[in-house]
Student: 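Okay, here's the structure, questions in a sec.
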Amino acid sequence: MLPLTATARSAVTRGRLLKSCRLFNSKTSALSVAGAYQTHSPPMHDIPEIIGDRSPRVDISTNSGKLVILTDLFDRPTEGDEEVDAISSRNRYIRNRNHVASLMDALVTSGHLKRADIILPQAHEILSPEEFALVRNDFLQMFVKKDLEDHKSVSYSINWLQSSVDRFPGIPLDSKSYAIIIATACRMPDLLRGNEHISDLMKQYKKQGGLAKDILQHVELFTFRDARRVAMNLDIDEEDLPADFRTDGSRSASPEDAESMSGSVTEALSKMQQCEAQDILNRLPPDVFKSGFDSLTPVDSHGIKLLRSALKGVAASKRPQLPVYASNPDADASREDEGFLHLEEQLSLLPDEDQTKYRDAFESYNMDRQLALETLALESARERWKYDYEQMHARGEVRVKNINHYLWEWHTAMTEQLQEELKRIDLLLDYGTGKPSKSKTRGAPKSAVTPSDRARMRYGAYLKLVDPAKLSVITILELLKMHSSGGGGVTEGIRTTRAVLNLGRAIEMEYNSEQLLKSDVVQTGFRATKSMLHSVPEFKRSLAVAKRITEGKNLSSWRPEWPDDIKAEIGSTLISILMHVARITVSAVDPVTGQQVSAIAPAFTHTYQYTGGLKLGVLKLHRDFVNKISREPASAMLHPQQLPMLVKPKPWVGWNEGAYYYSKTALMRTKDSAEQTAYIKEACRRNDLESVYEGLDVLGSAAWIINTRVFEVLAKVWNTGEEFLEIPTRYEGDINFPLEPPKDADPAVRRDWARVCKLMIHERRTSHSQRCDVNYKLEISRAFLGERIFFPHNIDFRGRAYAIPPHLNHLGNDMCRGLLMFWEGKPLGERGLRWLKIHLANVCGYDKADFQSRVQYADDKIQEIFDSADCPLDGRRWWMQASDPWQCLAACFELADALRSPDPYAFRSRLPVHQDGTCNGLQHYAALGGDIEGARQVNLEPGDKPQDIYTHVASRVHDYVKQDAENGHEVAKILVGKVSRKVVKQSVMTNVYGVTYIGARAQILGQLKDTKQIDERDLWRCAAYLTTLVFKVVRNLFNGAHLIQDWLAECAKRISKSVPPTVHSDLKPNSSMTSVIWTTPLGLPVVQPYREIVRKQVGTNLQSVFISDPYAIHPVNSRKQVTAFPPNFIHSLDATHMLLSALACGRNGLTFAAVHDSYWTHAADIDRMNAILRDAFIKLHEGDLVAKLKEEFERRYAGYMQFIEIDNHSREAKRITEWRKELRTRLGRKVTVRDEIEEESNRKELLNSNDPIKRAEGAAMMTPLSIIGNTDIEELKMKRVYTTNGTRNAVKSTENESGEKTSEEIIRETLGIPDSVPTERQETASINDNLEASEETMEEHSLDDEVDEQETVEDTDSTAIGSNIKVLKMRGLGIFYPLTFPPVPPKGAFDVKTLRNSLYFFS
Amino acid sequence: MKLGEPGVLPNTWRGAIGKAHQRVNMVNYEKSEEILKYLKLNEDYNKNFELIDCYPGCGVWSRALHKHLEPKVHVMLESFDNYYSWNKDGYNRDLSASKVIQVDPYKWKVYNLLERYGAYKPEHVPFNQINKSLLYTGQFTTAQGGQLLSQFITCIAYRNWIQKFGRIRMLLWVRDTAAFRAVATPEEPSRGKLSALVSLFADIDVVAASDSNDFKRQDTKTGKFLERIPALRNAPIKFSVDDTFMKGPLVLLDVKPKEQREWESEISAHEMEYVLRNLFITPKMQLRTSINTLGAGAREYFESRLGHLYDKTTHQLTPDEFVEIFQEFKVWPYKPEHLFDLGEDDLDSRTKRDIIQFI
DNA sequence: CCAATATCTATTGATATAAGTAATAGAGAATAT
DNA sequence: ATATTCTCTACCGACAATATCAATAGATATACA
């Protein structure tokens, strides 16, 4: 048992939240990848305290001896495979531990014990003994419960128990197994028989060597009374009883009390919880409203109402919503929406006592509502559908059904269908097997079990875990959500694979939440017990129970993730059922009669697309329904999972403990990588992530509120259905396709026509998606209007933080950001007002001037600002021209309010003000490299005004262009005066991410095209030319950065091609298993997940889907490892910087939010935040991070072998070759990588032995390494040979038409037709004419220019850096050599501390 | 003179050929003559016709064809430098009334231009008879051959491209991998969309094929269809790998477009493609099931009209039955709003804007 | 009860699918010679 | 072992080709009305 984590947390007051969370302690399950990690302890780097005196020490030293190094990741799959093979069962669909464990869980939980019993042997073979013991006990518990129910006895269970010993040798029954039965035996009506059983079992257990008291140790199973009975029955000494069952004098529980506790503890406690809830309900309002907060009343305290109105569920007093947004909510509603905020504002007028009281009540109230939000949202959606349905029927309006009407119909039909399905599953699971049927044919009987029935037996148990009505609601909501959020790369509809997997996952989540809730009941029960049963020993016991259950939960109920194929089967089953029942009325024009006809059609269709000749399954929603969606508000289509929270998120305490209270959320968004998961779990287990947790908690505890005024403007605009900023027009009706070309039109014409049509479809679909997205955002905003909301955060695998709720969060686009502001207001003060103005200038895009100018900018525009604030839509709409219009509008509101308030400095501002890193990636690079020039360019160095790197690069590039132009460079001439900031910006930015020449050129091409200043025919050459220049300039400017980038890449290359010292399977020569892993200064292990993707086909109800087995470990994709490492490393640093800043801000009482490299806080606190974030950056970079990284690599990959090539003409190479030949003859077979490495490790073992003879033996042994001996490996390594001019392209590309002549030229020439253009050219009049014409002119032009180009390109070498120097690669002899890393590039003279005074570092 | 022997074509070509190295060529003149005799082409095409000859390559087939039929116009379209000059200035320099043009017959535009500049001027002949004023041949023996074959067939369905002049017969050299898809009949394993289209719009014959024995022993997959597909195995004329340059499996297909039938005027080939494409996604499923891929509610709607076909699998459907389905589909009120296959639309914003502007 | 066998099923691996290739260029990996 | 061809081309949030068939391995019932 580990000590409780998170206890040493800082002063952040979490009140009861924290208390309850501690119970959710994280334990790495015994089943996770075993952590045979090595711990070295190099000297600790003494890191001085960070930021502010109130800050406790945060250890940001990377290498302080706490690396998580997991070495046995690769062993397991191999063993597992063997095990699976050993099973050799036809029912091999049970593939892995996860599968069998989850299946057992499902079968047991759903009560299909017979089937579970059949599966059990397989579990026995696949699972480890510990795992199996847990699974068996789970089974036993359910079995004995049934036994008691059915036979009023436990004798069957005892029989089963006995046989179990023989059936599963090697896995003795543990104390819990006995405890389970004994505890149940206590409840047998026949007390005597019960006692017999108890003593028999006890005897047996003792015979097995167990102690009686161990049995009673399982306090969660026994009631107080039963425990006493057992003890009495067996003459167990009082002292041997667990403390919980001792009578220590204070016992006062009446028999009734005790009786009420019998039966399942959980049930009883849940009863109590209800009491408590009732109690809260009764007690709360008077408490809350005592001080005259009557306006709170409309939002009653029973969370559900809020939930309903929030999710537009049934509010009995309200008329159903019109299918448009009320753009100006009526006064009442408005009051209601703003209720909490107004109250909060007036709070300061009250005595402290009342304030505290109010706050407590408010938290408690929100806690309840959060519970409701997380647990009842599905019902709420359903209620809403039902309500709409009934309303329409009551009014007789059934001709045109609205969405909710349909959804209700589907839901009811689907639920019914599902129940049928579940009945069938029941039958199959209970009787489907072991019932021999007869047949006349030889061989296996033609059983009545169809293939689909067999499938049912696979997934049925899982399906039974969630209530059918819930299944149906989830299915509908999930599909609608996926439909609107873009189907995963398909233009129309949803990828089937995505749909089935997501849906399967959603069901699993629901099940897990329910289970969690059940166990949570115990906790809340505990709270109730505390208040109600103070002196009863039962209380103590329940405390122990609660503790045991919550602690044990992680251990005993290893709730394994459902395998993907199961998810797919469940998802596809549900979808097929929905597809079967979901119907809508559609109408169309009969092409023959011309009449309007209508019919009932399925709402969903399953079709396919071909992409590149490969099939792709797609689910489509009927277009009539799609139209409905874009017309009607998203109302009850909101997916209730992962909404913003009403209370502070549960603090993070483990790899899946944090954020929401009633569902598990992963701390890290992993990419289905077992490796990543293993590392993060291990790091959590070792409490390495306290700082990360705390940082995320700070981000999560920022309270937000919807900016009502922005919301109103948005809603108004939305309702017009017109295009507005990024909101596209609402299209309805069919797309107006261009006329199909005549049948005999040229294939090219036809192709172009099809392209145009497809594009129009694409456009339409995109704008629909966008509108849906806005719709969702609006709907969420609307639901939470006036509420204090929180965004729980988690991290990606590099540590960057993201808000979990999708659609609406502050990381979203301009609109999302405009809609959100801080809940808490802080008086601006003088500085705050200034920052507010600067912020306004920033969001207008005026962010490249110095601060004073930005302030001036805001002052100058003050009339516009007022106008925008006063009449956002009816005025001059100045805000709309801003680069971030919605945020600008919000800023206008805020600034106008502030300035107009009697005392602007006292104005309580809620608007988050941003400080953005100026090219943050380069900032980190510059700091890493101590690169003075680079540091200046990205404002690490103090300056009077901000440096804009993009402008700078553009001007340097332009200098070159001018110079070349003067020298007669034709392309340069074209470009003079046309190299703008915008043209180079993207490429400079992406340079940090390792953009290639080709990629950058494409970007520049696009930008050039946009300027429209350059002739089409020159675009390519210009882009190519500019790209080389941009690369050159950037490399010069950030030389230090590039050295580091190269160093990082080189390390990644070596690592990803290295092999661990112990190779367990023969590798293909080029496949390596080592991914790049490093630890951020905050202790987060980052594992690059890039591996070869291996997917298999899995059949489902709809189609077969192609999914990967996430538990298989595949060779790394070393290319991806290499190219992604530099950016990932930098991102892991910027994430660290952000979390450090968050930590410090949190501890200093600032509200803090961040979008990676944009940090937000109240205007008034910007100065403090600026100091904090600078300090954090300095602390981060004070140590030599690159050197530390190298150290870490050297430790982490100690003993790894890298594949290098040495000069095969060297003496050593020749000897190695001979040695290999020798080895080959010795082994009598081909030498593998493994052989060679084994030889080497043998040698090492001998050398390290204590036995001198062995040592001598080792010394005498020959391996490639011993051959190389002390020779400098760098000398032996193949050198890159640079030669001028590659011959590569000389031979290539002769297949093209000769020269650059157009086909037309050639044809004319060959046919001897004069150049005069014939006049009969107009003959093909169609949409093609334009196309063709333009094509031709283009080609003619390029022909004209061709001569020039050849000349100019040849003799301008000023720009062609290295373009005709090719690396000639020669193959050497490959050997394995201990992995080493190149020396880190020398660090420049820049002192990172100087940035403390840099105003524009973040600005 | 026999090509393909060392020395006749310089070995250096191999390395220098680039993509053209994939092109397998018929280089046995006698064999070519044998094929031509078997085809009895001279009954239909004698002197007074034009010949479009794509990728003559080594030029042996072209030469044999030319000598055998003596077309009044012989247009050779050869994009690859070496092959081009080989034909123009070398091996085929003496052919009368012939032009070697260095353009890529892969490109549709080329045909427009050739027509515009009068490289060939075929007569328009009604669709009730084969147009004997034009013959189309070529060696489409790269990996793209299959694509071209498929598109040529589609062109027959649309009666566009050269097929707009009438029913133009085509002698197409393709690889076995391309040929076998086109020649399958209902219920044959390789029956698919292409062969369905072929059987609707053309009579196709395997005239000659490589001898499958030449490819048997190789562990590579090359040429295995020669063995597996009866139509190829039983080709009237067999030739050996030694008859080819670049030694690969080769099949000569004789494609004769069918006459235009009445239903063709009602049904857009676009719709036919859609129906075929979707039905052949699940070739072994009954129409009852597969018809649902045609659009929402298809099964229910067509039950009364096509129910008699519902038990058949797509794989079993005959051309006539397809026509029946086309015709019903044509008048289906609830057909999808468009019939495009939206796959492969990685249209970036630039192209998008261009095209939008164009509209 | 066993043995042998016929028959059935699940699993796995292989193969085909569609159908314009609009361009660019250089390194690294994979495959063929 | 060396040469040629094939592939991919910026990071993260946000993963996904499918139908069909042949071969094979494993399970299970068989001789009755």
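Protein chains get the first letters and strands the later ones, always in sequence-line order, with residue 1 at the start of each.
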Student: Sticking with atom P, work out how far D:dA33 lies from C:dA4, rounded to a whole angstrom.
Tutor: 28 Å
Student: Using a 4.0 Å heavy-atom cut-off, does A:Tyr610 contact any base of the nucleic acid, only the sugar-phosphate backbone, or nothing at all?
Tutor: sugar-phosphate
Student: Mind checking if B:Pro283 touches a base, just sugar-phosphate, or nothing, with heavy atoms under 4.0 Å?
Tutor: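 Sugar-phosphate, no base atom in range.
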Student: Under 5.5 Å between ring centres and under 30° between planes: true for A:Tyr802 and the base of D:dG13?
Tutor: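 No, A:Tyr802 does not stack on the base of D:dG13, since the centre distance and plane angle fail the 5.5 Å and 30° test.
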Student: What contact category does B:Glu273 fall into here, base, sugar-phosphate, or nothing, at under 4.0 angstrom with non-hydrogen atoms?
Tutor: nothing
Student: Mind checking if B:Leu148 touches a base, just sugar-phosphate, or nothing, with heavy atoms under 4.0 Å?
Tutor: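 Base, at least one base heavy atom under 4.0 Å.
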Student: Is there a side-chain contact between A:Tyr608 and the phosphate of C:dA18, meaning an N or O under 4.0 Å from OP1 or OP2?
Tutor: no
Student: Counting only side-chain nitrogens and oxygens, does A:Arg454 get under 4.0 Å of the OP1 or OP2 atom of C:dA10?
Tutor: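 For A:Arg454, the contact criterion (side-chain N or O under 4.0 Å from OP1 or OP2 of C:dA10) is met.
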Student: Need the pair for D:dA22. Rule: Watson-Crick or G-U wobble, both distances under 3.5 Å, any strand; none if unpaired.
Tutor: C:dT12
Student: With DNA chain C as reference, determine whether A:Gly612 or A:Trp1020 sits nearer its 5' end, using the nearest nucleotide of each.
Tutor: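 Comparing both residues, the 5'-ward one is A:Gly612.
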Student: At under 4.0 Å between heavy atoms, what does A:Val1105 touch on the DNA or RNA strands: base, sugar-phosphate, or nothing?
Tutor: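 Answer is sugar-phosphate: A:Val1105 comes under 4.0 Å of backbone atoms only.
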Student: Hey, does A:Phe1129 reach any base, or is it just sugar-phosphate, or nothing, if we go heavy atoms under 4.0 Å?
Tutor: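 No contact at all - A:Phe1129 keeps every heavy atom at 4.0 Å or more from the nucleic acid.
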Student: Do A:Gln1097 and D:dA19 share a donor-acceptor pair, side chain to base, under 3.5 Å?
Tutor: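 By the distance-only test, yes, there is a pair.
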Student: Can you check the distance between C:dA18 and D:dA14, where both ends of the measurement are the C1' atom (answer in whole Å)?
Tutor: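 Between the two C1' atoms, the distance is 28 Å.
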Student: Nearest heavy atom decides the nucleotide; on that basis, is A:Tyr993 or A:Lys671 closer to the 5' end of DNA chain D?
Tutor: A:Tyr993
Student: Rounded to whole angstrom, note down the C1' distance from D:dA16 over to C:dA22.
Tutor: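 Roughly 30 Å separates the two C1' atoms.
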Student: Select base, sugar-phosphate, or nothing to describe what B:Thr282 touches, counting heavy atoms under 4.0 Å on all strands.
Tutor: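 Touches sugar-phosphate only.
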Student: What's the gap between C:dA14 and C:dA32 when it is taken at their P atoms, as a whole Å value?
Tutor: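 Per the computed distance, 15 Å lies between those P atoms.
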Student: D:dA16 phosphate, OP1 or OP2: any side-chain N/O from A:Arg1095 under 4.0 angstrom?
Tutor: no
Student: In whole Å, what separates the C1' atom of C:dC2 from that of D:dA31?
Tutor: 15 Å
Student: Touch check for B:Lys224, heavy atoms < 4.0 angstrom, all strands: base, sugar-phosphate only, or nothing?
Tutor: sugar-phosphate
Student: Applying a 4.0 Å non-hydrogen cut-off, can you work out what A:Arg505 is touching in the nucleic acid: base, sugar-phosphate, or nothing?
Tutor: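 Here A:Arg505 touches the bases of the nucleic acid.
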Student: Using a cut-off of 4.0 Å on non-hydrogen atoms, how would the nucleic acid contact of B:Met285 be classed: base, sugar-phosphate, or nothing?
Tutor: sugar-phosphate
Student: Base, sugar-phosphate, or nothing for B:Phe280, non-hydrogen atoms under 4.0 angstrom?
Tutor: nothing
Student: Using the C1' atom as the reference point in each nucleotide, state the distance between C:dA25 and D:dC15 in Å, no decimals.
Tutor: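 Result for the C1' pair: 30 Å, nearest Å.
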Student: What nucleic acid atoms does A:Leu501 come within less than 4.0 Å of, heavy atoms only: base, sugar-phosphate, or nothing?
Tutor: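 Since a base atom lies under 4.0 Å of A:Leu501, the category is base.
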Student: Suppose you measure atom C1' in C:dG20 against the same atom in D:dC12; what distance do you get, rounded to whole Å?
Tutor: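 C:dG20 and D:dC12 have their C1' atoms separated by 35 Å.
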Student: With heavy atoms under 4.0 Å as the rule, sort A:Leu616 into base, sugar-phosphate or nothing.
Tutor: sugar-phosphate
Student: Indicate, with a heavy-atom threshold strictly under 4.0 Å, whether A:Arg800 touches base, sugar-phosphate, or nothing.
Tutor: nothing
Student: Carefully, step by step, assess A:Arg755 and A:Asp752 under the rule salt bridge (charged side-chain N to carboxylate O under 4.0 Å, His left out).
Tutor: CA-CA 5 Å; A:Arg755 264 185 57 145; A:Asp752 291 332; 5.2 Å; no
